[in-house]
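Quick notes on the structure that follows.
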Amino acid sequence: MLMIYDWLKSHTNFDQNLSPEEIRQLFTFHSFEIDGYEDLNQKLQHIIVGKIISIEKHPKADKLKICQVSDGAKTHQVVCGGSNLSENQIIAYCQEGAKVLWHGTDEVTIKNTKIRDVESFGMIAASDEIGLGPSQNNEILDLTALNLTVGQDLHSALNMPNLILDIDNKSITNRPDLWSVIGLARELAAITSTEFNDLEVPNFLADNTASEILKVQINNPEILQRILLLKISNLTICDSPKEIQDKLNHCGIKTINNIVDATNYVLHEMGQPMHAYDTQKINFEDLEICYAKDQTEFAALDQKTYQLTEFDPILKSNAKPQSLLGIIGSQESAITQDTSEILAEVGCFQFNIIRKSANKHKIRTDGVQRQEKQIDPTQATKALNRFIEILKLTCPNLEISSQLYDNFQNKLDEKTIKLSTQKVESYLGIKIPNQEIQDILNRLGFETQDLSDHILVKVPSFRSQNDVNYDYDLIEEIGRIYGYNKIPSVLPQDSCQPPLQYKHRNLSNQIRHKLADYGYFEVKNYSFFNQQDLACSDRKDQALKMKNYLSLEQSHLRTSLIPNMLKNLKLNLKNQTKIQTFEFGRIYLKTENFMPAEETHLSIMQNGPQAFLKLKGALENIIQGYNLKYQFKPSTAPNQSAHPNCCADIIIQGQTIGQIYLINPKVLKQYDLAEEAIAYSEINFGLFSHLHLKTVNLQEFSRFPSISFDLSILCNKQQYHQEIHSCLLKASKLICQVKLFDTYEGSNIPADKKALSYQITLQDPNQTLTSQDQENAIQACLAQLKKIKAEVRQA
Amino acid sequence: MQNQIQDILKQAIEKINKCNTEAELLETEKSFLGKKGSLNEILKGVKDLPKEDRAEIGKLANQVKQDINTHIQNQKQNIQDKALDAILEQWHDVTLPGIKPQKGAVHPLSLIQEKVEEIFQKMGFMILDGPEVESDYFNFDALNFKKDHPARDMHDTYFVGEPQNKDGDKLLLRTHTSPVQVRGMLQHKVPIKAIIPGRCFRYEDQDATHEHTLFQIEGLYIDKNISIANLKGIFQEFLTKLFEKKIEIQMRPGYFPFTEPSVEFDFSCPFCKDGCRVCKYTKFIELAGAGMVHPNVLKSAKVDPNEYQGFAFGFGLDRLAMLYHNIQNIKHFRENDIRFLKQF
Ligand SMILES: [Zn+2]
């Protein structure tokens, strides 16, 4: 919202001349945020009112003229290409150092120069070059009609404000009273401890002798908090006075005509939206406030047609909506050049009804911005009088041609709050004297009464709706006006218990760093799935569907981490060939309860040769690091996205905590990945972190030497190593280690067989082994192998 | 025979001195002193000598043996010294690239989260978690959002498309970590001091500054006499520890439905004295929203606001990490490009 700082300031006794930056800080630290500002005084420096004394042709350019320009004291030669130059014309003369917008866009600083060999001292400005509105046909700004003193600086000659503030709308959403000049002036006065001078308005309605009484049928009283209606006639449409136009323009409001401008002026000055209907299309026998019927067509002032529904509040006449109340008027009853009589409306509507309707039709007028925050209804009559006062500037003979219709449905109760100064101190952590507290509140418009153990505070009407209700609301007022920056930093005296250890967090942090050390990169993906992701997920029946989403990528919540990690892999393949990633993230599952289940999963992915075994090795290292006994067991229920013959359950302490697998090549194809083999593991980290972690129990090692021998074993191709391994390990008590060191398939052995070579180590804790021991162990191994139909290969 | 023995000594010395390696030396030793060595070969003839000569020859042979051994030892020493000298003379290029074990990386958001958690844990804060798919009640009602608060409008919140429960409650993706304030108090009771790191969601189109998925840290401290001054104290302490530098706090008014009074926090720029690009030449950096927990929120958590009070704060972990590592675009955190990740 744009605001003229000088306008606010004129309603206070604040007389310090602060820099724009200081003013910004003042508001920021006590009240609201300023998005930016325009320093008009600074902008128009070195630009003065000049007069063209004479004009000659430029000898070398047809379109340029050589002007002699008076600055009131001296005459300067200026080369200018303006199409509307004339002698004795009053113009904006930019002297050396002035900043102008070249062709209305790029800022340049004026220098004395030569133009086509003719010296030129400064520039005659077009209006768009100095930010005073658009200019056409290469015309310079002609100020002749304004009767200005030549030589005066332009900023003060035009009576322009110094500073325009751009207030951050979001930071005043909770302060309906700040959406006006008067409200902001009161705030400025409170912050600066100066006097606030409220707007004084004459009462034109006091001796209203008009006989017509307006009748309105109120079908839905809940729409209204208050509405005033008044017929005003004998009006002539014209432009608003220049001062009114200037103020509105500086606040970014388009000027239209005296009547529309007057409604906008009151809105901006007092924060009270108004509407004026041309009475020609209004049937005063048939005025109704109600909700629209479904599918009513409404042609609005903005040239658009809206389909109204039964949630849209309207003023109805002649069976047609004449306005969408508090939001926008109709095209039909709009003010035109021929308007001579109006129905003026001052409305304070139910904020939630307005917000809902305006949001649905996506209409954001200045009126909506105020109506949706609930307007102080006690200001309505004053606003109407102010409207008449402004209108009288252009229509001094206007007539009030009806009695005032004033429907005040919901009168406000007087609101008082008990405030304990002890609580103020306890909340803010600093003692503010009782008198200072009262001063602050009084400046903000609260009345206070000092009772012995507390202050009784009366809330003004402009703060009493949706704003200040309780003592803590007052503490906020005190805190911010006093200044939060004056509050010291104090570390509290502790009475809380020191926290527990967080096993889950500690484990995930440790594993995160371990995986990083093993060469894996941590990724963090979105929680969403698209339709295709869902298809390759195991638990798609449990997937939660989104009601609203920004793209098709977000149609569901993820039930596995794999799809997004495949997308990461694909992205990274553009820049490297070897990719190892991991993610800790949640998956979301529908349950029988209202609240879904959320599981934290750890997933690890890698490509390249022997990806599966490398990934398995990394996992084994991590699991062994916690001294856990584990098993990778060929899965009987491979994951949907797994290669059915390359998937193992990870079993720890009898619990399956996850799976490790090669990703099914069909899934890879769906993701447009030409990689041969990508290994993947997903672990339910919640289960993992609940495992009982055992401390290391030292196994004393034998002082006697061990002996080793190798066995090459011939078995079926689909024989699992694990089976042979455990079979060998349990063959003899003396066998303490069995290690696979070679696998072979190919010539010399049958096509359906493979050879696995193991090194077997024997050790006895109590004595040195003999060659007989070794022979016994070999025989025991052979006997065991026979059981699983494997044999020792003869070298 | 004496001459023969003396000759052997002579030959041996000559040969030993020619040895350049320990292996040669061993060979030489063997050829003179071994079982089948030349000395033994000669001594085989001793048995044919007269008895009185035998003792003398024996003495001489021993002497020669010792001499040869001494020479061998000396030469061995020489060879070893030379070998060491040779190693020492070798030139090395210490600027050649190191051979690294393959290295991955922890995501920068995890790194900063660990730092933040550690600091708060040392200050005695619990670390709490809550559901990311949250109920409308905990996300809004319990936090004093009125039914018609604009933040509830569809454009801010992702709703999960499941039917409502019988109380009319709906599921949504939490828009902030604040629901865990209430959940935390209900579960752990008061007094409580906790931080809540976590993922949040906003139904907002993405650009350089807007993201639909955000990482936040929420803080909560409720006891009998906790004030705004304490909030300032805790936050200053946290940032000072994080940046390992004395940090100043600046507080301004703010607005949040679940705090009253509400404030916004800026902190003094840890990267400059007189303004820099990070602080946009203002010497202060905006970081957090905070305030005294609204009594209605305490009531939602079954805490008596007349007995207990305290503060809550929230800030973006993304923003903090961006400041900490001088990252300009939030997109980097979500793209998972290894060229980005490997820098951490
Ligand atoms: Zn800085």
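What you see is a predicted model; the values in this text were computed from it and never measured. Within every chain, numbering begins at 1; the chains are lettered A, B, ... in the order of the sequence lines, protein sequences first and strands thereafter.
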Side chain from CB out, backbone as N, CA, C, O: work out which of these in B:Leu172 comes under 4.5 Å of a heavy atom of chain A, or both, or neither. neither
Could you tell me whether B:Phe265 and A:Tyr484 have their ring centroids closer than 6.0 angstrom? no
Of the backbone (N, CA, C, O) and the side chain (C-beta and beyond), which part of A:Leu557 lies under 4.5 Å from a heavy atom of chain B, both, or neither? side chain
What part of B:Ile234 gets within 4.5 angstrom of chain A, counting heavy atoms only: side chain, backbone, both, or neither? both
Is B:Glu134 close to chain A through its backbone or its side chain, or both, or neither, when contacts mean heavy atoms under 4.5 Å? both
Sort B:Lys342 into side chain, backbone, both or neither according to what part of it lies under 4.5 angstrom from a heavy atom of chain A. both
On the 0 to 90° scale, with breaks at 30° and 60°, tag the A:Tyr472-B:His294 ring pair as parallel, tilted or perpendicular. perpendicular
Would a distance-only check, ignoring hydrogens and angles, find a side-chain to backbone donor-acceptor pair under 3.5 Å from A:Asn548 to B:Thr157? yes
Donor-acceptor pair, A:Asn572 side chain versus B:Asn336 backbone, under 3.5 Å? yes
Could you tell me which portion of A:Arg512 (side chain, backbone, both or neither) has an atom closer than 4.5 angstrom to a non-hydrogen atom of chain B? both
Face-on cation placement of A:Lys524 at B:Phe215 ring, 6.0 Å and 45° thresholds: yes
How far does CZ of A:Phe32 sit from CZ of B:Arg252, to the nearest 0.5 angstrom? 13.0 Å
dist A:Met595:CE -> B:Phe138:CZ (nearest 0.5 Å) comes out at 8.0 Å
Contact origin within B:Gln236 toward chain A - heavy atom pairs under 4.5 Å: side chain
Are there over 12 heavy-atom neighbours, none belonging to B:Lys331, within less than 6.0 Å of that residue's NZ? no
Under the 3.5 angstrom rule, does the side chain of A:Glu522 hit a backbone N or O of B:Ala105 as a donor-acceptor pair? no
I would like to know whether A:Lys578 and B:Gln102 meet side chain to side chain donor-acceptor pair (under 3.5 Å); could you show each step before the answer? CA-CA 11 Å; A:Lys578 187 180 170 194; B:Gln102 155 128 12; 2.6 Å; yes
Please flag which part of A:Tyr470 lies under 4.5 Å from any non-hydrogen atom of chain B: side chain, backbone, both or neither. neither
Proximal component of B:Glu211, with respect to chain A [non-hydrogen, under 4.5 Å]: side chain
For the interface with chain A, which of B:Val133, B:Val190, B:Ile226, B:Leu111 has the highest count of heavy-atom pairs at distances below 4.5 Å? B:Val133
Identify which part of B:Glu237 has an atom lying under 4.5 Å from any heavy atom of chain A, answering side chain, backbone, both or neither. side chain
May I ask you to check whether B:His107 and A:Glu583 show a side-chain donor-acceptor distance below 3.5 Å? no
Quick one: what part of B:Gln309 sits under 4.5 Å from any heavy atom of chain A, side chain, backbone, both or neither? side chain
Quick check for you: among A:Asp473, A:Ile475, A:Leu571, A:Asn568, which has the greatest number of heavy-atom pairs under 4.5 Å with chain B? A:Asp473
What part of B:Phe201 lies closer than 4.5 angstrom to a heavy atom of chain A: side chain, backbone, both or neither? side chain
Can you say whether the rings of B:Tyr158 and A:Phe528 are parallel (under 30°), tilted (30 to 60°) or perpendicular (over 60°)? tilted
Considering only heavy atoms, which portion of A:Asn575 lies under 4.5 Å from any heavy atom of chain B: side chain, backbone, both, or neither? side chain
